[in-house]
Amino acid sequence: MIFTVAIDGPAAAGKGTIARAIARETGFAHLDTGLLYRAVGLRVLEGDDPVRAARSLDPTSLDDPRLRHADVAQTASRVAVLPEVRAALLEFQRTFARREGGAVLDGRDIGTVICPEAEVKLFVTASDLARASRRYDELRAAGQEVTLDGTLEEVRARDARDGARATAPLRAASDAVAIDTSDLKVDDAVAAALSVVRRRLAGA
Ligand code: CDP
Ligand code: CDP
């Protein structure tokens, strides 16, 4: 069966949490596409050229814990502006989306550019402050030295860059279902998303 769940939205809205839960419940394969851009960002911080880094990336090994660092996230959003970087990462994501057995992808342009034909499109949002404080808690728990104000500033800077770029800007697809997780517990956000997927899988 070919069935794609496309999940887009701004930083720390809860996309990954929802995507992983859908993958667990359905058995679909999951791709966190942000990790592709983070991996390019990490290589750039190490001195590599962004386009060369994107073209030579091994998209199957994205488990470096440094990819979670706040400075890597910022560099990711800077390289994500470059059309050649996006082009180099496109085919892998498209093929993943239409693989046999179902796929869930989360990112910024999944429903608009990577897989406009996705059977389910979700646009996950939350207030700036809710997102920044969640990301702050995560980074602190991982031992990173960050402040809430600094995290809020970084999240806003990244959202602004992701929304304003010319190529594949962050946008809700016109047929996306919006889920605002500001006041939702993780389980409730997951339940809302799963009910959309289940309805579509049942042919409703
Ligand atoms: O993938 P994305 O950056 O959009 O967000 P995430 O990594 O899924 O979620 C960021 C953090 O927010 C995680 O620590 C989640 O547990 C938390 N979260 C939450 O507190 N409430 C939600 N409704 C969704 C996520
Ligand atoms: O987890 P979080 O939402 O904070 O970020 P991420 O999904 O890991 O993405 C890191 C950065 O990669 C984003 O700020 C975007 O600039 C870029 N990105 C993108 O341009 N397109 C995607 N499909 C996914 C990420």
Side-chain angles (χ1 to χ4, degrees), residues 6-23 30-42 44 50 54 57 59 62 64 66-83 85-90 92-94 96-97 104-115 118 121-142 146 151-152 154-171 173 179-194:
I7 306 180
D8 293 304
K15 305 179 297 294
T17 305
I18 287 173
R20 283 190 297 275
I22 291 173
H30 170 224
L31 178 65
D32 173 353
T33 65
L35 288 177
L36 300 169
Y37 292 91
R38 285 173 182 257
V40 176
L42 179 59
V44 168
L57 193 74
L62 299 167
D64 188 329
R66 292 176 299 171
L67 297 180
R68 304 280 166 203
H69 282 209
D71 55 341
V72 174
Q74 287 302 321
T75 312
S77 82
R78 291 201 182 89
V79 302
V81 166
L82 303 171
V85 165
R86 305 200 72 84
L89 302 176
L90 190 75
F92 174 74
Q93 296 176 80
R94 281 217 170 126
F96 192 99
V104 191
L105 293 84
D106 67 290
R108 301 291 184 289
D109 62 341
I110 310 303
T112 51
V113 173
I114 300 298
C115 194
K121 297 181 189 176
L122 303 175
F123 196 76
V124 182
T125 58
S127 71
D128 292 7
L129 193 56
R131 294 186 291 113
S133 62
R134 290 172 188 171
R135 184 51 47 88
Y136 169 76
D137 289 346
E138 266 183 333
L139 294 173
R140 293 291 291 209
V146 290
T151 306
L152 180 60
E154 286 188 358
V155 159
R156 283 183 173 151
R158 210 140 59 82
D159 291 348
R161 210 178 287 126
D162 292 344
R165 68 181 174 228
T167 310
L170 172 64
R171 295 270 185 280
I179 301 180
D180 184 336
T181 70
S182 305
D183 300 315
L184 293 184
K185 291 200 171 66
V186 170
D187 287 356
D188 296 330
V190 164
L194 269 172

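Below, each value reflects all heavy atoms present in this structure, side chains not excepted, and no hydrogens, waters or symmetry copies. We count ligands from 1, going down the list as the structure has it; atoms in each ligand are counted the same way. Nothing here was measured: the structure is a model prediction, and the numbers come from that model.
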Exercise for review: Quick one: look at Arg165 and ligand 2, take heavy-atom pairs under 4.0 Å, and tell me if it's side chain, backbone, both or neither.
Suggested key: side chain
Check your understanding: How far apart are the C-alpha atoms of Thr33 and Phe96, what are their side-chain angles, what is the distance that settles it, and do they pass the side chain to side chain contact (heavy atoms under 4.5 Å, CB included) test?
Key -> CA-CA 10 Å; Thr33 65; Phe96 192 99; over 6 Å; no
Exercise for review: Could you tell me which atoms of ligand 1, counted from 1 in the order shown, lie closer than 4.0 angstrom to a heavy atom of Thr181?
Suggested key: 23 (N)
**Study point:** Enumerated ligand 2 atoms positioned under 4.0 Å from heavy atoms of Ser77
**Key:** 14 (O), 16 (O)
**Study point:** Under 3.5 Å donor-acceptor, Asp8 side chain and Phe123 backbone
**Key:** no
Exercise for review: Between Arg135 and ligand 1, find which residue part has any heavy-atom pair under 4.0 Å and reply side chain, backbone, both or neither.
Suggested key: side chain
Point to revise | Interfacing atoms of ligand 1 (cut-off 4.0 Å, heavy-atom, Ala189) | key: 23 (N)
Point to revise | Check: Ser127 side chain, Ala130 main-chain N or O, donor-acceptor pair, under 3.5 Å | key: yes
Review point. Under the side chain to side chain contact (heavy atoms under 4.5 Å, CB included) criterion, do Asp32 and Arg38 qualify, and how do the steps go?
Key: CA-CA 10 Å; Asp32 173 353; Arg38 285 173 182 257; over 6 Å; no
Exercise for review: Say whether Ala11, considering both its backbone and side-chain N or O atoms, lies within less than 3.5 Å of an N or O atom on ligand 1.
Suggested key: no
Revision key, fill the gap. Atom 6 (P) of ligand 1 sits nearest the protein heavy atom Thr17 OG1, 3.6 Å
**Study point:** Element-labelled atoms of ligand 1 that are located less than 4.0 Å from some non-hydrogen atom of Ala12
**Key:** 2 (P), 3 (O), 4 (O), 5 (O)
Point to revise | For Gly34, atoms of ligand 2 separated by under 4.0 Å from a heavy atom | key: 6 (P), 7 (O), 8 (O), 9 (O), 24 (C), 25 (C)
Exercise for review: Under 4.0 Å, heavy atoms only, figure out whether ligand 2 is touched by the backbone of Arg158, its side chain, both or neither.
Suggested key: side chain
Point to revise | Spacing of Glu154 atom CD and Thr151 atom OG1 [to the nearest 0.5 Å] | key: 6.0 Å
Check your understanding: Looking at atom 7 (O) of ligand 2, what's its closest protein heavy atom, distance included?
Key -> Arg108 NH1, 3.1 Å
Review point. Should you measure from each heavy atom of Asp162, which atoms of ligand 2 turn up under 4.0 Å away?
Key: 13 (C), 14 (O), 15 (C), 16 (O)
**Study point:** Residues Thr17, Arg134; criterion side chain to side chain donor-acceptor pair (under 3.5 Å); working and verdict
**Key:** CA-CA 12 Å; Thr17 305; Arg134 290 172 188 171; over 6 Å; no
Check your understanding: For ligand 2, does Lys15 get within less than 4.0 Å through its side chain, its backbone, both, or neither, judged by non-hydrogen atoms?
Key -> side chain
Check your understanding: So is there a nitrogen or oxygen of Gly16 less than 3.5 Å from a nitrogen or oxygen in ligand 1?
Key -> yes
Review point. For atom 5 (O) of ligand 1, what's the nearest protein heavy atom and its distance?
Key: Gly14 N, 3.1 Å
Point to revise | Identity and distance of the protein heavy atom lying nearest atom 24 (C) of ligand 2 | key: Thr33 OG1, 3.4 Å
Practice item. Decide side chain to side chain donor-acceptor pair (under 3.5 Å) for Arg161 and Ser77; before the verdict, give the C-alpha distance in whole Å, the side-chain angles of both, and the deciding distance to 0.1 Å. Key: CA-CA 7 Å; Arg161 210 178 287 126; Ser77 82; 2.3 Å; yes
Check your understanding: What protein heavy atom sits nearest atom 8 (O) of ligand 2, and how far off is it?
Key -> Arg38 NE, 2.5 Å
Check your understanding: So which heavy atom in the protein is nearest atom 23 (N) of ligand 1, and how far is it from that ligand atom?
Key -> Leu184 O, 3.2 Å
Practice item. Working to the nearest 0.5 Å, report the span between CZ of Arg158 and CZ of Arg108. Key: 6.0 Å
Review point. Would a 4.5 Å heavy-atom cut-off, applied to side chains only, mark Phe92 and Leu57 as touching?
Key: no
Point to revise | Donor-acceptor under 3.5 Å (Lys15 side chain, Asp106 main chain) | key: no
Check your understanding: Looking at Ala80, which atoms of ligand 2 are within less than 4.0 Å of one of its heavy atoms?
Key -> 16 (O), 17 (C), 20 (O)
Check your understanding: Which option, Arg134, Glu138, Arg68, owns the non-hydrogen atom nearest atom 22 (C) of ligand 1?
Key -> Arg134
Practice item. Identify the protein heavy atom lying closest to atom 21 (N) of ligand 2, giving its residue, its atom name and the separation to 0.1 Å. Key: Arg86 NH2, 3.0 Å
**Study point:** Salt-bridge contact Asp187-Lys185 (side-chain N to carboxylate O under 4.0 Å)
**Key:** no
**Study point:** Side chain to side chain, Leu152 and Asp128, heavy atoms closer than 4.5 Å
**Key:** yes
Check your understanding: Can you tell me which residue and heavy atom of the protein come closest to atom 12 (O) of ligand 2, and the distance to 0.1 Å?
Key -> Tyr37 CB, 3.4 Å
Point to revise | Side chain proximity check, Val44 to Arg78, heavy atoms < 4.5 angstrom | key: no
Point to revise | Close N or O approach (Ala13, ligand 1; < 3.5 Å) | key: yes
Point to revise | Ile114 and Leu90, any side-chain heavy atoms less than 4.5 Å apart | key: yes
